[in-house]
Number of protein chains: 2
Amino acid sequence: MALEHAILVSLAERSASGYDLARRFDASIGNFWKASHQQIYKVLGRMEAQQLVEASLVEQDGRPDKKVYAITADGRLELARFSATPTPPEVLRSELAVKLRALPFGDRDAVVASVRARRVQHEEKLAYYSESSQRFYPDAEHVPQDQLGSWLVLRGGILAEETGLAWCDEILQALGAER
Amino acid sequence: MALEHAILVSLAERSASGYDLARRFDASIGNFWKASHQQIYKVLGRMEAQQLVEASLVEQDGRPDKKVYAITADGRLELARFSATPTPPEVLRSELAVKLRALPFGDRDAVVASVRARRVQHEEKLAYYSESSQRFYPDAEHVPQDQLGSWLVLRGGILAEETGLAWCDEILQALGAER
DNA sequence: CCGTACTATGCATCGAGTTGCATCGCTACC
DNA sequence: GGTAGCGATGCAACTCGATGCATAGTACGG
C-alpha cells in the first residue's frame, strides 16, 4: 500500500490538488511510482476519511475550483512509521524475459524488435534523468541534505537505465542483430 | 496477462504438474516472474478450458496422484503469437525509493537498515546467479543456441543485481553509513 | 457560435494477484 | 500412537490497479 505513502511524501513536500498530484505521478514521483488520476482520487478520499490529509476548497478564476490537500499531523506520523518499517523485497515481473526464454518457440525477429524498442526507451529515460541531474544537482559532490533522498532516487534511476541499456546491447549482440 | 505465457514457456520446455510449476516459479522462472501456487492452479484451470494445455492424471505410489500438464498445439500457437507482440514498458514501483524520498520526514537510521537489508538480498541473489552461470554456462563465449534465451535472462539478472548492489553502496555512502 | 483542449473531479467494472484456509496421501521421527 | 512435514490440489475473500466512461468550467482559435 505504498501509493498512500508516496502521496504523503508528495504532500509533505508541498500541498497539492488531486490533479496536481496526478501530474507529479506522471513526472518526478512517476520515476519510481506510477498511478492514474482515478486511483489517486480514490486513495485521497480514503486518506481524508482516515484524517491523514485534509482538503480545502480553493476557488479560482479562469479555471474550475479545486480541492487542495495538505498532510495532517496524523499523516506525518504515519509517514514516519512507514519509513521505519522493513522494506519487503521487490517482485520483478519482466515480460521481456518471458519472451527471451520463449525464443526457441517464438519469433526471433519480433523479439529483436521488442529489444530494440526497449533500448530506445532506456535511452530516452536516461537522457531525461541525466538532464534532470545536471539541472537540479550540478554539483554532485555537494548535494544539500534536504535533497539527498531525491538525488539518490535519481541516481538509482540513472543506474537502472544504464544497466537496462547494457542488457539490451548484450541481447542484440548475442542474437546477432545490429543496434 | 503474461503469467499465462510464462506457464506456456515452462510447459513447452517440459511438461509438469501444478506443484512442479509452483516450484519452478520459485526458482528458475521465479527469477523474472513470481507466482503463488494458488494463482498457478487457477490459471492452469482456465488454460485447460481454453485448450492451451491438457492434463493427464498420473498415479504415483509413495505420494499423492498428480495432474501433469502439457502444452497443446493451440498453446504453442498462442506462445508464438505472444512472442511476436510488442512489449509494453515495465512499470517500476520502488518502495525503497519512496522511503528515500521520505528521508526528510522519516527515520534515517531505519532507512539505512532497510538499505543494508536490501544490499544483503542483492548479494545473495548475485551469488546464486553467478553460481548458476558458472555451472550451466561454463563457456560464456559459446552458449548453445537453444539455451541462448535462458542465458540472456540470467545475464539480465546478474546485471540487475550488480546495479542494485552498487546503488545500495552509493546510498550508504551518501548517508554516511558503513556497509 | 462551435469545436478542441486543458483544468478538475469522480464512478463503475473488471481482472490479476495476495492472503488465509482447507483437504488428502503418505513418510519419518520421537 | 501422535505429530510434524512434504507432495499435491484447490476455494473464498479481498485489495490494488487498469480501463472505460461521465461531467463541468473555462479559454482560445477559426
Side-chain angles (χ1 to χ4, degrees), chain A residues 1-8 11 15-27 29-30 32-50 53-69 82 88-95 98, chain B residues 1-8 11 15-27 29-30 32-50 53-69 82 88-95 98:
Chain A
M1 247 203 306
L3 171 55
E4 213 170 301
H5 301 106
I7 290 178
L8 284 177
L11 291 181
S15 296
S17 68
Y19 190 84
D20 293 334
L21 280 172
R23 277 189 306 185
R24 288 187 198 169
F25 274 79
D26 206 49
I29 307 278
F32 56 94
W33 205 279
K34 293 279 180 193
S36 65
H37 68 99
Q38 293 96 327
Q39 183 75 5
I40 290 169
Y41 284 120
K42 201 195 302 180
V43 173
L44 274 176
R46 195 180 62 209
M47 290 168 74
E48 193 181 2
Q50 293 170 326
V53 300
E54 56 189 3
S56 60
L57 194 70
V58 173
E59 290 178 32
Q60 305 185 105
D61 49 52
R63 42 179 71 178
D65 299 348
K66 62 179 177 181
K67 278 158 75 179
V68 172
Y69 289 89
F82 165 73
E90 258 136 51
V91 247
L92 57 139
R93 294 214 159 97
S94 170
E95 192 173 315
V98 176
Chain B
M1 246 202 305
L3 171 55
E4 212 170 298
H5 300 106
I7 290 179
L8 283 177
L11 290 181
S15 295
S17 69
Y19 190 84
D20 293 333
L21 281 173
R23 277 189 306 182
R24 291 187 197 169
F25 274 79
D26 207 48
I29 306 280
F32 55 95
W33 204 278
K34 295 278 182 196
S36 65
H37 69 99
Q38 293 96 325
Q39 182 76 4
I40 289 169
Y41 283 119
K42 201 195 303 180
V43 173
L44 274 176
R46 194 180 63 208
M47 290 169 75
E48 194 183 0
Q50 296 171 325
V53 300
E54 56 189 3
S56 59
L57 196 70
V58 173
E59 291 177 30
Q60 307 185 104
D61 50 55
R63 41 177 73 174
D65 300 347
K66 63 180 175 180
K67 277 159 73 179
V68 171
Y69 289 90
F82 166 73
E90 258 135 53
V91 243
L92 58 139
R93 294 217 159 96
S94 171
E95 192 173 315
V98 177

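Naming: A, B, ... by sequence-line order, numbering from 1 per chain.
Heavy-atom contacts of chain B under 4.0 Å fall on DNA chain D between two terminal nucleotides, which in 5' to 3' order are D/dG7 to D/dA18.
Rounding to the nearest 0.5 angstrom, the gap separating the CD atom in A/Q39 from the NZ atom in A/K34 is 14.5 Å. The CD atom of B/E4 sits 5.0 Å away from the CE atom of B/M47 when rounded to the nearest 0.5 Å. Atom CD1 of residue B/I7 and atom CD1 of residue B/I40 lie 5.5 Å apart, to the nearest 0.5 angstrom.
Within the helix from C/dC1-D/dG30 to C/dC30-D/dG1, the inter-axis angle between the opening and closing five-pair segments is 10°, rounded to 10°.
Computed from coordinates, the A/D20 CG to C/dC6 P distance equals 16 Å when rounded to whole Å. Between the CD atom of B/Q39 and the P atom of C/dG17 there is a distance of 5 Å, given to the nearest Å. Rounded to whole Å, the distance from CG on A/D26 to P on C/dA8 is 15 Å. Distance B/K66 NZ to C/dC26 P: 15 Å, rounded to the nearest Å. In this entry the distance linking CG of A/L44 with C1' of C/dA8 reads 13 Å, nearest Å. At whole-Å resolution of the value, CE in A/M1 and P in C/dT18 are 15 Å apart. When the P atom of C/dT9 is taken as reference, atom CZ of A/R46 falls 18 Å away, rounded to whole Å. Distance OH (A/Y19) to P (C/dA5): 14 Å, rounded to an integer number of Å.
Looking at the side chain of B/K42, the nearest of the listed nucleotides C/dT13, C/dC21, C/dG17 is C/dG17.
At a cut-off of 3.5 angstrom, counting only N and O atoms as typed in the model, there is a donor on one side and an acceptor on the other between the side-chain of B/Q38 and the base of C/dG20.
Nearest heavy atom pair, residue A/K66 against residue A/Q60, reads CE-OE1, 3.4 Å. When all heavy atoms are compared, the tightest approach of B/E59 to B/D65 is CA-OD1, 3.5 Å. Of all the heavy atoms in A/E48 and A/A55, the pair that sits closest is OE2-CB, 3.6 Å. Nearest heavy atom pair, residue A/W33 against residue A/F25, reads O-CD2, 3.5 Å.
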In a table with atom names and distances, give each donor-acceptor pair under 3.5 Å that connects a side chain of residues 15-24 of chain A to protein atoms at least two apart or in another chain.
{"residue": "A/S17", "atom": "OG", "partner": "A/Y19", "partner atom": "N", "Å": "3.4"}
{"residue": "A/S17", "atom": "OG", "partner": "A/D20", "partner atom": "N", "Å": "3.1"}
{"residue": "A/S17", "atom": "OG", "partner": "A/D20", "partner atom": "OD2", "Å": "3.1"}
{"residue": "A/D20", "atom": "OD1", "partner": "A/R23", "partner atom": "NH2", "Å": "3.1"}
{"residue": "A/D20", "atom": "OD2", "partner": "A/S17", "partner atom": "N", "Å": "3.3"}
{"residue": "A/R24", "atom": "NH1", "partner": "A/S10", "partner atom": "O", "Å": "2.9"}
{"residue": "A/R24", "atom": "NH1", "partner": "A/S10", "partner atom": "OG", "Å": "2.9"}
{"residue": "A/R24", "atom": "NH1", "partner": "A/R14", "partner atom": "O", "Å": "3.1"}
{"residue": "A/R24", "atom": "NH2", "partner": "A/R14", "partner atom": "O", "Å": "3.2"}

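Two residues, A/G62 and A/A2, neighbour DNA chain D, and the one matched to the more 5' nucleotide by heavy-atom proximity is A/A2. Mapping B/E4 and B/P64 onto DNA chain C by nearest heavy atom places B/E4 closer to the 5' end of the strand. Toward the 5' end of DNA chain D, the nearer of the two residues B/G18 and A/H37, judged by each one's closest nucleotide, is B/G18.
The side chain of A/S17 contributes no N or O atom lying less than 4.0 Å from OP1 or OP2 of C/dT7. Contact annotation: A/Q60 side-chain N/O to C/dA8 OP1/OP2 distance is under 4.0 Å.
Residues B/V98 and A/F82 are in side-chain contact: their nearest non-hydrogen atoms beyond the backbone lie under 4.5 Å apart.
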*When you look at B/V58 and B/K67, which way does the side chain to side chain contact (heavy atoms under 4.5 Å, CB included) test go after all the steps?*
CA-CA 6 Å; B/V58 173; B/K67 277 159 73 179; over 6 Å; no

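Residue-level contact check: A/D61 touches neither bases nor backbone, having no heavy atom under 4.0 Å from any strand. Backbone-only contact: A/K67 has heavy atoms under 4.0 Å from sugar-phosphate atoms and none from a base.
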